[in-house]
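Working notes, structure below.
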Amino acid sequence: MSSYRLTIENFPKEGPAVTTAISWQDEVRRLAAEQDAVILAHNYQEPAIQDVADHVGDSLALSRIAASTDASTIVFCGVHFMAETAKLLSPDKTVLIPTAQAGCSLADTIDADQLRAWKAEHPDAVVVAYVNTSAAVKAEADVCCTSSNAVEVVNSIPADRPILFLPDQFLGAHVRRQTGRDNIEVWMGECHVHAGISAADLRAQVAADPEAEVLVHPECGCASSAIWLAGVGDLPAERTHILSTAGMLDTARGLTSKTALVATEIGMLHQLRKVNTQTTFLPVNPKASCRFMKMITPELLVRCLREGRDEIQLPPEVVEKARRSVERMVAIGKPAGAR
Ligand code: 13P
Ligand code: SF4
């Protein structure tokens, strides 16, 4: 276990300067108790950050915890839009992220002006925004969704109402297929990490390990082809699962296969390996690492708790409108897993 150098100067007291080595994990837990803070970590965080957190989960599960926690401070170890969502649901609480630099390439594919212009072209449409969007974009949406409830959210909208779905093209294609609706316009955004998990990678790994179960996040570049390949018999249809990160964990608990191929960000492997020690979980692309998620380090987490930074602040008019979209989602979405 790496240690964080805690010096007596850090805690001004009478007496000689002495240096004690304590683990950074103990320091995080001590500071969290002192600050009345709950620490939430997304499934893509570094394993050490996941292990020190109070709760680990997907974005929907963590939103739900943020909405119901008694703690006065929420420390969000994830990316910026996730911490903003926590602030929308708990506007009176202090919401911190260890660095505000932790953005999201998918959320950055659309801003509020672009969405307003798109809405003007489709005035009757209901706008469904994936949670991977800024609060300003959520404020322009009618309802939010995550990868674990996107299909339920779209199914809750009357069949004759056109839908604008944003910003992820692969999740949008997945939702179109699952709902059978042809009145869904999809924004052509993508996550650079998931788009980098290709159908060729998936096909090669399945060919090398034909008995493996296959777990695919719907944001992946390979998600559409995985469904198609399963349909034509090139992938085992009964062993190919298109799942959110929470869905992957639920499925992993029941697996008895020797191996499972995992098509998502590699941070996910940590929780999968924890919930099922019998199956070997292998990444479809071992380089699929989100550099924004990995910006959260032990040092920045300690700084966050000590210095109260970086704090999420949102304009009240954005909070009011964006919160409505998120609350509609939380009311519709089925419960997702978090520990
Ligand atoms: P989940 O909603 O499955 O947690 O995914 C969030 C995300 O950022 C995917 O890249
Ligand atoms: Fe955004 Fe992709 Fe990182 Fe998820 S994995 S936070 S979608 S950049």
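Counting from 1, the numbers follow the sequence of the chain as shown. Read the numbers this way: they start at 1 and go in the same order the structure lists the ligands and their atoms.
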Exercise. Going by the atom numbers of ligand 1, which of them fall below 4.0 Å from some non-hydrogen atom of S147?
Worked result: 1 (P), 2 (O), 3 (O)

Seminar exercise, completed: Output for pair (H174 NE2, C220 SG), nearest 0.5 Å, gives 11.5 Å

Exercise. Quick one: do the T245 and Y44 side chains pair a donor with an acceptor below 3.5 Å?
Worked result: no

Exercise. E219: heavy atom below 4.0 Å from ligand 2, yes or no?
Worked result: yes

Exercise. Is there a donor-acceptor pair closer than 3.5 Å between any side-chain N or O of N149 and the backbone N or O of T146?
Worked result: yes

Problem set entry | Element-labelled atoms of ligand 1 that are located less than 4.0 Å from some non-hydrogen atom of T245 | 1 (P), 3 (O), 4 (O)

For this session: State, with a plain yes or no, whether a side-chain heavy atom of E219 is found less than 4.5 Å away from one of N132.
Result: yes

Problem set entry | CD/Q278: more than 12 non-hydrogen atoms of other groups inside 6.0 Å | no

For this session: For atom 2 (O) of ligand 1, find the nearest protein heavy atom and state the residue, atom name and distance (0.1 Å precision).
Result: S59 OG, 2.7 Å

Exercise. Which residue and non-hydrogen atom of the protein lie closest to atom 2 (Fe) of ligand 2, and at what distance in Å?
Worked result: C191 SG, 2.3 Å

Problem set entry | Residues D51 and H270: side-chain donor-acceptor under 3.5 angstrom | yes

Problem set entry | S105: numbered ligand 2 atoms lying under 4.0 Å from its heavy atoms | 8 (S)

For this session: Output the distance between atom CD1 (I39) and atom CG (D54), rounded to the nearest 0.5 Å.
Result: 5.5 Å

Seminar exercise, completed: Short version for E219: what comes under 4.0 Å of ligand 1, heavy atoms counted, is side chain

For this session: For N132, counting its heavy atoms only, list the atoms of ligand 1 lying under 4.0 Å from any of them.
Result: 7 (C), 8 (O)

Exercise. What is the closest protein heavy atom to atom 3 (Fe) of ligand 2, and at what distance does it sit?
Worked result: C290 SG, 2.4 Å

Problem set entry | atom 6 (C) of ligand 1 [closest protein heavy-atom partner, distance rounded to 0.1 Å] | H42 NE2, 3.7 Å

For this session: Check the pair E84, K87 against salt bridge (Lys or Arg N to Asp or Glu O under 4.0 Å), reporting the backbone distance first and the verdict last.
Result: CA-CA 5 Å; E84 278 191 341; K87 182 71 182 174; over 6 Å; no

Seminar exercise, completed: Nearest non-hydrogen protein atom to atom 5 (O) of ligand 1, with distance, is H217 NE2, 3.6 Å

For this session: Would you check if atom 1 (Fe) of ligand 2 lies under 2.8 Å from any N, O or S atom of C104?
Result: yes

Problem set entry | Residue and atom name of the nearest protein heavy atom (relative to atom 7 (S) of ligand 2), distance in Å to one decimal | N132 ND2, 3.2 Å

For this session: Assess the side chains of D209 and T259: does a donor N or O sit below 3.5 Å from an acceptor N or O?
Result: yes

Exercise. With a 4.0 Å cut-off on heavy atoms, does M293 reach ligand 1?
Worked result: no

